[in-house]
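Here, residue 1 is the first one in the sequence, and each next residue gets the next number.
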Amino acid sequence: MLTVAMTLLIIDAIVLIVFVLLQSGKSAGLSGAISGGAEQLFGKQKARGIDAVLHRGTVITGVLLFVLTFAIAYIL
C-alpha cells in the first residue's frame, strides 16, 4: 500500500510541475514558447481555454498532492 501511494505521489508531483511550467505568466515564459503559434492561429479564446484547463489541472493535482502526502503520513 505504501509503495502504491509513494508511486502516485511521485507521478502527481511531476504532473504538477508540468502544469505549473506550462501556465502563462506575465512574461509568458515556457507556455509562450510552446503555444505562441497556437495563439495566433486559433485566436485569444483558445489560449484562454488552455489556460483555464491548466489552472484547473494545477488545482486538482495540488489538492491530490496534499491528500496523498497526508495518506502516506497516516500509513507510516
Side-chain angles (χ1 to χ4, degrees):
M1 181 70 181
L2 181 63
T3 307
V4 172
M6 288 290 284
T7 304
L8 288 174
L9 183 67
I10 292 170
I11 291 170
D12 185 51
I14 292 170
V15 170
L16 182 63
I17 290 168
V18 169
F19 278 155
V20 169
L21 287 177
L22 288 178
Q23 287 185 24
S24 62
K26 292 182 179 182
S27 63
L30 184 60
S31 176
I34 293 174
S35 67
E39 286 182 7
Q40 293 173 353
L41 182 61
F42 297 114
K44 287 291 184 184
Q45 184 64 31
K46 183 71 173 177
R48 279 189 228 134
I50 291 172
D51 285 340
V53 170
L54 288 174
H55 177 70
R56 285 187 203 119
T58 302
V59 170
I60 291 170
T61 54
V63 169
L64 186 60
L65 184 87
F66 279 101
V67 169
L68 285 172
T69 303
F70 287 130
I72 289 172
Y74 181 74
I75 291 171
L76 288 178

Could you give the distance from CG (L68) to OG1 (T7), rounded to the nearest 0.5 Å? 10.5 Å
Treating Ile, Leu, Val, Met, Phe, Trp and Tyr as nodes and any side-chain heavy-atom pair under 4.5 angstrom as an edge, say whether I75 and L8 lie in one connected cluster. yes
L9-V4 co-clustered via ILVMFWY side chain contacts under 4.5 Å: yes
Between F66 and L76, is there shared hydrophobic-cluster membership here, with clusters defined by ILVMFWY side-chain heavy atoms closer than 4.5 Å? no
Heavy-atom pair with the smallest gap, counting every atom of M6 and I72: SD-CD1, 3.5 Å
Over all atoms of both residues, closest heavy-atom pair of G62 and L16: N-CD1, 3.9 Å
For L54 and Q23, the nearest pair of non-hydrogen atoms, with its separation, is O-NE2, 3.5 Å
If two hydrophobic side chains count as joined below 4.5 Å and joins carry through other members, does I50 share a cluster with V18? yes
So which atom in T69 and which in L65 form the shortest heavy-atom distance, rounded to 0.1 Å? OG1-O, 2.7 Å
According to a 4.5 Å side-chain heavy-atom criterion applied to Ile, Leu, Val, Met, Phe, Trp and Tyr, with indirect links allowed, do I14 and I11 form part of one hydrophobic cluster? no
